[in-house]
Amino acid sequence: MPSSNARKATGERTESEQFENVACPFCGMICDDLTVERTDKGLKVLKNACGKSIAGFERKLPPSRPQVGGKDVELAKAIKEAAKLIGKAELPLYGGLATDVEGMRAVMALAERSGGIVDHALSEAQYRNFKILQTTGWTTSTLTETRNRADLIIIAGSDVHKLHPRFFEKIVSPSDSMFDVTAPKRTVVFIGKGLDKSAAKGSRIGEVITLACKPEQAGEVVGALRARLSGFRLKPLEIDGVALADIDALAELCKQAKYGVVVWAPPSLDFSHAELAVEQFTGLVKDLNQTTRFAGLALGGAEGSITAGAVSTWQSGYPLRVSYASGAPDYDPYRYAIGRMLREGEGDLLVWIASISPDLSPPATQIPTIVLGTPGLVLAKAPAVLIPVGTPGVDHAGRLVRVDNVVSLPLKDLGRAELPPAADVLAAIEAAL
Ligand code: SF4
C-alpha cells in the first residue's frame, strides 16, 4: 500500500495499487468481490468483471472543470452561484439523484432547507413496485437467500441478464452456497420470449423452461397460473401463445418447490400499468405460501436508485416524490414526479445529480439547471452551473444500498481522479445559502 496518494496535475493518482473485494456501483447488485488495479493508465478490473463493470471502472474521464454559464470557474465560485440560484428559486427540483448514501442525505438536507422536491431519475420504474408494496404488501427474498435456498426460479417478463450481467453466475448458478449447503439443481423458468437465457447454465442449473409469451404478457400468464393453482377452469386454452398444458405443468412445479422465487426487474416492465403485472407476481407468492415457501425478488436499482429511495424513506418517511415546499415533507407520487413536472412547466430550477454513469443526462427544460455530474456526462447544452463530482466507489469512498434493500455496502476510494464527492459539494452549497 502506498503511504500517500501522489497525484499528477490532472488530479489522477500516479502510484499503482491493487484493491481486493471491491464493491461495484454500476448496477443494483453491488457485487463486492471484484479485484481492481490502478496504474498510471487508469483502472483495470482484474477479477470478477462483467461488461458493465469494465465499462464503468475503466472509463477514461475527459477533462472537466466547474463552469458557470459555460465558462470555466473555480469550484468556490460555482458553489456560490449554485447557492444564489437555489436561494432565489421558489420551487427547486432535485432530480437525477445518482449518488451514494452520503450524497442523498445531503440532497435531503438541501431540499428541506430550500423548500424543494426530491425524485430519482429512474423512479418511474421503482413506482411499479412501490404501488404494490404500498397497497397490498409483499413477501420478498434477498439475493443471498435466493442463492442459497431456491430450487425453482421463475424469471417473469424481465431481461435480468442484460440489467445484471452476473446475476446468473452469482445467484442462480453459484459454485457453492453458504453453510456448505449444496442445493439440488434448480429449475429455471423464463416467462417471456426474447429474454437473454445465455447465462442460465452451469452445474447448479437443471431444467430450463420457457413460456414464450410477449414479456409484457407475463402478468397475464402468471394470473392464469394463479387461477389454475386455485382450481379454476380456463378458456381460452392458451394465453398469448402459451398453452394451458404448459401453465398446468408450471403449476405442478410450483406446488412441488420447497423454496420458489419469482424474479422481476421493474425497468424491464416498461408498459402501461405494469404495476398490475407486479401485483400478479407478488400475488402468486402469497398464494403459494399457503402450502409451501415462495418469495419475490425485485431487481433493477441502477444509478443509486435503491439508495435514493431508502434514504428518502429514512429521512422523510416517504419513498421519493417528496416536497418540502410547505416546510414539512409532503408525499404525492403524481404531483411530485419531476419528469411530469418538467413536461408541464412546474418548478423554476432543476438541480441534477448524476455521479455514477455518464448516460444519466438531465431532461430537456427551459428552467435554469445546476448539474453535479461525473465528467463526460452527456449534456445537450451548458447548464447554468456545472460542477464535476466523483463517482462513489471509484473516485471516493461511500455506501450504496443493494437492490434487495437489506444491506448498504461500503465502497472504496480507488483513486481514479481527485473529484469532490457530491455530498461535500451539496453541503458546501447549503452552507453558502
Ligand atoms: S453485475 Fe452489476 S454490480 Fe456486479 S459487477 Fe456487474 S455491473 Fe457490477
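Counting from 1, the numbers follow the sequence of the chain as shown. Start at 1 and go down the list; that is how both ligands and their atoms are numbered.
- Here the side chain of Q18 pairs no donor or acceptor atom with the backbone of T35 at under 3.5 angstrom.
- Using a distance-only test at 3.5 Å, with no hydrogens or angles considered, no donor-acceptor pair links the side chain of S158 to the main chain of W264.
- Enclosure of atom CZ in R228 by more than 12 non-hydrogen atoms of other residues, nucleotides or ligands within 6.0 angstrom is indicated.
- Ion pair R186/E207 not flagged as a salt bridge, since none of the NZ, NE, NH1 or NH2 atoms sits closer than 4.0 Å to an Asp/Glu carboxylate oxygen.
- At distances below 3.5 Å, not a single donor-acceptor pair connects side-chain atoms of T292 with backbone N or O atoms of Q290.
- Looking at R59 and T374, their side chains do bring a donor and an acceptor atom within 3.5 Å of each other.
- Among protein atoms, those of element N, O or S found less than 2.8 Å away from atom 6 (Fe) of ligand 1 are C50 SG.
- Close approach of ligand 1 to I30 is summarised as follows: ligand atoms under 4.0 Å from at least one heavy atom of the residue are 3 (S).
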